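Worksheet: one structure, shown below.
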There are 2 protein chains.
Amino acid sequence: MARTQGSHSGITGPRVRDAALRLFARHGYAAVSMRQIAGEVGVQAGALYNYTPDKQSLLFELMRGHMEELLAAWDGLPQEGDAMAILEAFTRFHIRFHSERPDAVFIAYMELRNLTPGNFATVEALRRDYENRLEAILSRGVAQGVFRVPEPKIAAMAVIAMLTGVNTWFRTGGRLSLPEVEAIYWDMVRRAVSA
Amino acid sequence: MARTQGSHSGITGPRVRDAALRLFARHGYAAVSMRQIAGEVGVQAGALYNYTPDKQSLLFELMRGHMEELLAAWDGLPQEGDAMAILEAFTRFHIRFHSERPDAVFIAYMELRNLTPGNFATVEALRRDYENRLEAILSRGVAQGVFRVPEPKIAAMAVIAMLTGVNTWFRTGGRLSLPEVEAIYWDMVRRAVSA
DNA sequence: GATTTAACTGAACATTCGTTCATATCAAAG
DNA sequence: CTTTGATATGAACGAATGTTCAGTTAAATC
């Protein structure tokens with residue numbers, strides 16, 4: 001029995017990626033089998049290979065796609081005002097973007113070691129790109145006298161770590177709304193780097 | 001052929017834990033086989049079961065041991081001065097303690113999902129204990145008028161995330177010494193929460 | 001209605017997995 | 001020297017792994 005109902009082209013592909021994303025985030029790449037992913041999609045394991053050449057590519061494409069979305073989303077925002085205004089925009093953007101895709105964020109941070117060396121280098125370069133965006137903002141602010149940080153690179157790492165940490169506890173529908181969380185974190189970021 | 005040279009009691013056990021720690025950190029719990037661990041120790045896989053009832057216990061004991069060491073080390077420090085002084089001590093302690101055991105820290109953060117529910121609850125409770133230590137410091141500082149943070153619990157999570165992030169980039173022998181890193185981070189933490 | 005083709009099945013492949021256990025070896029105790 | 005007990009081997013277990021592929025089905029095309 002094959003193709004049990006209707007044409008699935010263009011619909012099974014996304015479903016495979018969705019299932020892989022959720023399962024990888026929940027149990028980890030190495031702990032998830034192709035048969036589990038297939039089971040979530042409602043298909044046999046062999047059918048997955050119509051949508052990915054192998055398991056490694058499935059992971060890599062999820063991570064690469066996430067990082068490229070992240071960069072494109074930030075680069076797509078208008079950057080108006082001084083360094084302070086842009087840093088606030090970055091802070092709020094980072095929290096919002098990451099809180100909307102907890103599974104992809106989780107995978108992008110936790111599964112780096114399960115990438116082949118070549119794939120790792122690609123994803124790592126994208127991550128560095130993103131970190132450099134923030135570092136540039138901080139450096140510009142220092143030059144303008146708006147910020148005072150001794151090491152912009154380190155401050156960038158510190159801010160990103162702090163903001164990404166929101167994902168470990170924030171749940172939509174909890175006590176605090178996302179705008180409230182943004183305000184609290186922006187207050188801390190601003191005070192931490194202000195001149 | 002068995003016990004090929006001398007008595008190994010009391011020495012193989014730690015070597016098993018050391019190998020498991022390094023391998024779990026490098027490749028992830030699910031991606032490491034008992035045979036790999038045994039190979040690192042220079043022993044056959046079956047021999048590991050003289051030192052752990054199973055693979056899961058090996059992971060759990062590593063994580064529990066790390067968290068209990070962390071709590072004991074902090075609780076063992078003298079807490080003198082006002083909330084500001086204690087927060088500085090906490091900041092420097094956290095950076096130093098974590099930078100000294102990158103593998104254990106990595107595992108404690110990344111392998112939570114590979115614990116059985118019961119083991120997870122135990123480790124999670126220890127983590128919450130640690131977070132509560134910092135939250136108490138912040139709350140005390142707010143009461144004393146030294147700090148100004150709207151949500152001590154969230155501020156505690158933010159500070160811990162920021163400080164633990166040091167492990168992602170810091171390497172001994174790099175451009176910055178550990179005391180320099182401590183100073184940079186303490187400066188950011190202080191400004192982020194000061195009244 | 002016949003033909004084509006994308007989509008999927010189900011079985012099979014060689015490996016590897018965690019774990020168990022009968023057996024062998026060596027250090028220490030008597 | 002003999003006995004004992006801890007320590008390790010090496011083979012074996014059933015189960016699960018990623019991946020391949022010939023064959024089957026049903027939708028789309030003519």
Side-chain angles (χ1 to χ4, degrees), chain A residues 1-21 23-24 26-63 107 111 113-119, chain B residues 1-21 23-24 26-63 107 111 113-119:
Chain A
M1 182 175 29
R3 189 140 67 153
T4 50
Q5 51 181 9
S7 175
H8 294 156
S9 172
I11 186 66
T12 304
R15 297 228 304 146
V16 168
R17 284 185 285 277
D18 284 359
L21 185 78
L23 287 172
F24 287 167
R26 189 111 59 213
H27 308 292
Y29 171 75
V32 172
S33 71
M34 294 300 269
R35 285 171 180 82
Q36 283 178 62
I37 299 172
E40 285 273 306
V41 178
V43 108
Q44 293 299 316
L48 298 183
Y49 291 85
N50 289 324
Y51 304 99
T52 182
D54 48 35
K55 193 187 175 191
Q56 166 72 204
S57 301
L58 198 45
L59 174 65
F60 171 61
E61 292 302 334
L62 287 174
M63 296 177 74
I107 289 174
E111 302 295 353
R113 59 187 172 184
N114 286 119
L115 290 173
T116 352
N119 289 344
Chain B
M1 182 173 32
R3 188 140 67 151
T4 51
Q5 51 182 6
S7 175
H8 294 157
S9 173
I11 187 68
T12 304
R15 297 229 303 147
V16 168
R17 284 184 285 277
D18 284 358
L21 185 76
L23 288 172
F24 287 167
R26 191 110 60 213
H27 308 292
Y29 172 76
V32 172
S33 70
M34 294 299 267
R35 286 170 178 82
Q36 283 178 62
I37 298 172
E40 286 271 305
V41 177
V43 109
Q44 295 297 318
L48 298 183
Y49 292 83
N50 289 324
Y51 305 98
T52 183
D54 48 35
K55 193 187 176 190
Q56 167 71 202
S57 302
L58 198 46
L59 173 65
F60 172 61
E61 291 303 333
L62 288 174
M63 296 176 75
I107 289 174
E111 302 295 353
R113 60 188 170 184
N114 287 119
L115 291 174
T116 25
N119 289 344

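Naming: A, B, ... by sequence-line order, numbering from 1 per chain. Note that this is a predicted model, so its numbers are computed, not measured.
Protein atom CD of Gln56(B) is 12 Å distant from nucleotide atom P of dG18(C), rounded to whole Å. Between the P atom of dA15(D) and the NZ atom of Lys55(B) lies a distance of 19 Å, rounded to the nearest Å. The CG atom of Leu48(A) sits 19 Å away from the P atom of dA6(C) (whole-angstrom rounding). Atom P of nucleotide dT19(C) and atom CG of Asp54(B) are separated by 5 Å, given to the nearest angstrom. Asn50(A) has its CG atom 16 Å from the P atom of dT5(C), to the nearest Å.
Scored by the side-chain hydrogen bond (donor to acceptor under 3.5 Å, both in side chains) test, Asn119(A) finds Gln56(A), Thr116(A) as partners (sequence neighbours excluded). Here Ser33(A) pairs with nothing under the side-chain hydrogen bond (donor to acceptor under 3.5 Å, both in side chains) rule; sequence neighbours left out. Not counting sequence neighbours, Asn50(A) has no partner by the side-chain hydrogen bond (donor to acceptor under 3.5 Å, both in side chains) test. Among residues two or more places apart in sequence or in another chain, the side-chain hydrogen bond (donor to acceptor under 3.5 Å, both in side chains) test is passed with Arg113(A) by Glu111(B).
Contact annotation: Thr12(A) side-chain N/O to dC8(C) OP1/OP2 distance is under 4.0 Å. Ser33(A) has no side-chain polar atom (N or O) that falls below the 4.0 Å cut-off from OP1 or OP2 of dA16(D).
Residues from residues 34-45 of chain A placing a heavy atom under 4.0 Å of any atom in DNA chain D, listed by number, are Met34(A), Arg35(A).
Proximity of Ile37(B) to Phe24(B): side-chain heavy atoms (C-beta onward) are separated by under 4.5 Å at one or more points.
Minimum atom distance to the side chain of Tyr49(B) is reached by dT19(C), of the listed dT7(D), dT19(C), dC8(C). Closest contact between the side chain of Ala47(A) and the listed nucleotides dT9(C), dA8(D), dT19(C) involves dT9(C).
Among pairs with a residue in residues 26-50 of chain A, those fulfilling salt bridge (Lys or Arg N to Asp or Glu O under 4.0 Å) read Arg22(A)-Glu40(A), at least two apart in sequence or across chains.
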